[in-house]
2 protein chains.
Amino acid sequence: MSIGRPRAFDEEAVLDRAAEVFWRHGYDGASLSELTRAMGINRPSLYATFGSKEELFRRAFARYHETKVANARAALDQPTAYAAIEVFLRSSADALTTGDHPPGCLSIQGGLACSPENAHVAEVLATGRADTEAALEERLSRADDLPDGMDVRALARFVMTLSEGHAVHAAAGASRDDLQASVDIAMRALAHSASRRSFSSDGEPVAAE
Amino acid sequence: MSIGRPRAFDEEAVLDRAAEVFWRHGYDGASLSELTRAMGINRPSLYATFGSKEELFRRAFARYHETKVANARAALDQPTAYAAIEVFLRSSADALTTGDHPPGCLSIQGGLACSPENAHVAEVLATGRADTEAALEERLSRADDLPDGMDVRALARFVMTLSEGHAVHAAAGASRDDLQASVDIAMRALAHSASRRSFSSDGEPVAAE
DNA sequence: CAGGTTTTGTACCGAGCGGTAGGATGAGCG
DNA sequence: CGCTCATCCTACCGCTCGGTACAAAACCTG
């Protein structure tokens with residue numbers, strides 16, 4: 001057992017609470033008073049554990065990225081590129097509008113724009129999003145159900161763009177059905193855009209040829 | 001001529017400078033010191049003219065919306081829905097990556113998430129975006145080159161979502177070509193998705209039947 | 001129980017925030 | 001010029017910000 005007075009809170013639990021505050025108010029808009037209140041701990045405990053507001057944010061975002069975003073990435077295990085894209089977009093749309101946490105996505109709500117001294121924060125978030133896009137691209141590059149000559153990088157960017165746009169919409173109050181209807185259009189369009197041997201016309205992925 | 005000491009600055013010019021600061025740093029991240037420095041005026045002049053930081057923001061955003069966004073809306077004058085969508089997306093992508101102002105879009109950079117006392121600001125921005133989406137929907141609902149039964153509301157949302165995602169990407173450093181490649185995919189997909197009598201297969205709009 | 005160690009809570013720090021008071025400044029007008 | 005008026009500028013307001021000193025409290029070991 002560790003020596004000294006035992007900690008009265010769970011580190012990961014308070015990180016989740018902190019993430020929610022950053023999510024709802026952005027990095028600049030999340031004050032220490034609100035953070036400590038939501039986390040249920042007081043300032044010195046926060047600083048002893050995490051060091052600074054920025055470090056707290058990094059930790060909270062890292063945890064968010066490892067848990068919530070990893071969920072979306074599971075979509076990439078689907079057997080075809082078409083299915084991977086669809087599951088990615090649909091599970092994202094669901095996650096963006098679940099009631100368990102603020103609407104939208106911490107990677108975007110956290111701070112697209114920050115005060116000059118907090119510019120790092122925007123970079124951290126952008127890096128996180130870029131990682132997801134890279135994972136998407138990697139999956140698509142391994143696909144054998146895409147038309148020859150398809151620009152997988154641009155396709156990954158397109159899918160990620162759509163997801164980011166949905167996050168913006170969700171933060172502004174769009175419903176789950178609203179987002180899914182947008183995904184419907186995207187998937188129907190993609191199904192017809194690729195060669196017929198790759199994407200079936202009714203949205204179901206089919207084996208090549 | 002008006003009486004008293006004449007104003008030493010142009011109201012609209014300083015609004016543009018203010019918009020840039022909000023654009024780059026968000027509402028919460030834009031301090032009065034930085035605003036006055038960029039605007040080239042001092043605090044009392046700012047308060048005498050605009051009343052408060054929030055009012056300054058509203059004015060700056062209104063001007064932005066009337067000038068920059070109106071440009072994108074001009075795309076809706078295109079003769080067909082397909083052309084309107086394409087011109088809207090392409091001119092947006094260009095505007096998001098021009099060097100004349102910060103990358104991305106003030107409607108999003110300004111503050112998706114704000115501190116609790118500034119929640120109005122996020123609402124103002126969301127309303128602006130919703131207006132654009134409504135204009136898009138209105139244009140599409142007048143189109144006669146869309147397949148019967150097309151959900152124009154969802155289509156407008158899809159297009160707007162893509163544009164918002166591009167804004168997020170642009171803010172993170174995506175190049176103009178990056179965004180246009182994403183538009184390429186969207187337009188190619190849409191061209192094949194709708195019935196052939198509506199959208200030609202090579203991306204050129206054609207008259208209905 | 002005493003001693004050592006870590007966390008807890010209160011109360012505070014300097015700095016920067018958004019916002020303002022009040023005199024100096026510069027224009028039109030007689 | 002002297003008067004009037006709106007604007008400009010210096011200096012300041014109360015407040016909240018992110019961050020910290022310090023002592024009481026709670027656990028372990030002996």
Side-chain angles (χ1 to χ4, degrees), chain A residues 1-15 17-18 21-22 24-61 110-111 113-122 124, chain B residues 1-15 17-18 21-22 24-61 110-111 113-122 124:
Chain A
M1 190 55 172
S2 70
I3 224 160
R5 180 170 175 170
R7 205 167 258 175
F9 59 91
D10 177 62
E11 200 167 310
E12 302 201 323
V14 299
L15 276 177
R17 305 292 216 85
V21 176
F22 286 126
R24 221 178 283 279
H25 301 304
Y27 184 82
D28 284 332
S31 70
L32 278 194
S33 300
E34 180 129 9
L35 284 165
T36 52
R37 194 163 52 74
M39 296 165 82
I41 67 180
N42 42 36
R43 254 165 239 235
S45 295
L46 191 160
Y47 277 84
T49 309
F50 303 106
S52 72
K53 184 185 179 187
E54 179 166 344
E55 209 51 46
L56 169 67
F57 176 81
R58 295 181 118 100
R59 291 282 307 277
F61 178 63
C114 282
S115 64
E117 65 269 22
N118 297 328
H120 295 315
V121 170
V124 168
Chain B
M1 190 54 170
S2 69
I3 222 164
R5 180 171 177 173
R7 202 169 261 174
F9 61 90
D10 177 61
E11 200 166 310
E12 302 201 324
V14 300
L15 276 177
R17 306 293 217 84
V21 176
F22 286 126
R24 221 179 283 280
H25 302 303
Y27 183 81
D28 284 332
S31 69
L32 279 193
S33 301
E34 179 130 9
L35 284 165
T36 52
R37 193 163 52 76
M39 297 164 82
I41 67 179
N42 42 37
R43 253 163 238 235
S45 295
L46 191 160
Y47 277 84
T49 310
F50 303 106
S52 70
K53 184 186 179 186
E54 178 165 346
E55 210 51 47
L56 169 67
F57 177 81
R58 295 181 118 99
R59 291 281 308 275
F61 178 62
C114 282
S115 64
E117 65 269 25
N118 296 328
H120 295 314
V121 169
V124 168

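Lettering of chains follows the sequences in order, A, B, ..., and the numbering in each one begins at 1. Source: prediction; values computed, not measured.
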Pairing residues for Arg17(A) by the side chain to side chain donor-acceptor pair (under 3.5 Å) criterion, not counting sequence neighbours: none
Nucleotide dT7(D), atom P - distance to CD1 of Ile3(B) in whole Å: 12 Å
Gap between atoms CG and P, on Leu35(A) and dT16(D) respectively (whole Å): 17 Å
With sequence neighbours excluded, residues passing side chain to side chain donor-acceptor pair (under 3.5 Å) with Arg37(B): none
Nearest-angstrom distance from the residue atom NE2 of His25(B) to P of dG18(C): 12 Å
Nearest-angstrom distance from the residue atom OH of Tyr27(B) to P of dC17(C): 14 Å
Nucleotide nearest Arg7(B) (side chain, heavy atoms from C-beta), chosen from dT6(C), dT7(C), dC8(D): dC8(D)
Between P of dA6(D) and CZ of Phe9(B), the distance in whole Å: 15 Å
Length of the CG-P vector between Leu32(B) and dC15(D), whole Å: 18 Å
Qualifying ring pair (Phe, Tyr, Trp, His ring centres under 6.0 Å) pairs with a residue from residues 27-47 of chain A, counting only residues at least two apart or across chains: Phe22(A)-Tyr27(A), Tyr27(A)-Phe57(A)
Test item: Met39(A) and Leu56(A) side chains (from C-beta on) under 4.5 Å apart, heavy atoms: yes
Euclidean distance, atom CD of residue Glu11(B) to atom P of dC8(D) [Å, nearest integer]: 11 Å
Asp28(A) CG - dG16(C) P separation (whole Å): 15 Å
Minimum heavy-atom distance Gly26(B)-Ala113(A), with the two atoms named: N-CB, 3.5 Å
Quick one: which protein N/O atoms are closer than 3.5 Å to N/O atoms of nucleotides 23-25 of chain D? Pair and distance per line, please.
{"residue": "dA25(D)", "atom": "N3", "partner": "Arg5(A)", "partner atom": "NH1", "Å": "3.1"}

Sorted by number, the residues of residues 38-56 of chain A with heavy-atom contact under 4.0 Å to DNA chain C: Asn42(A), Pro44(A), Ser45(A)
Rounded distance [0.5 Å steps], CZ in Phe50(B) versus CG in Leu35(B): 10.5 Å
Output a table of donor-acceptor pairs, distance under 3.5 Å, between side-chain atoms of residues 7-14 of chain B and any protein atom two or more places apart or on a different chain; print 'none' if there are none.
{"residue": "Arg7(B)", "atom": "NH1", "partner": "Glu11(B)", "partner atom": "OE1", "Å": "2.8"}
{"residue": "Asp10(B)", "atom": "OD2", "partner": "Ala13(B)", "partner atom": "N", "Å": "3.0"}
{"residue": "Glu11(B)", "atom": "OE2", "partner": "Arg59(B)", "partner atom": "NH1", "Å": "3.4"}
{"residue": "Glu11(B)", "atom": "OE2", "partner": "Arg59(B)", "partner atom": "NH2", "Å": "2.8"}
{"residue": "Glu12(B)", "atom": "OE1", "partner": "Arg63(B)", "partner atom": "NH1", "Å": "3.3"}

Inter-residue atom distance Lys53(B).NZ - Asp28(B).CG, 0.5 Å rounding: 6.5 Å
Between NE2 on residue His25(B) and CD on residue Glu34(B), distance to nearest 0.5 Å: 4.0 Å
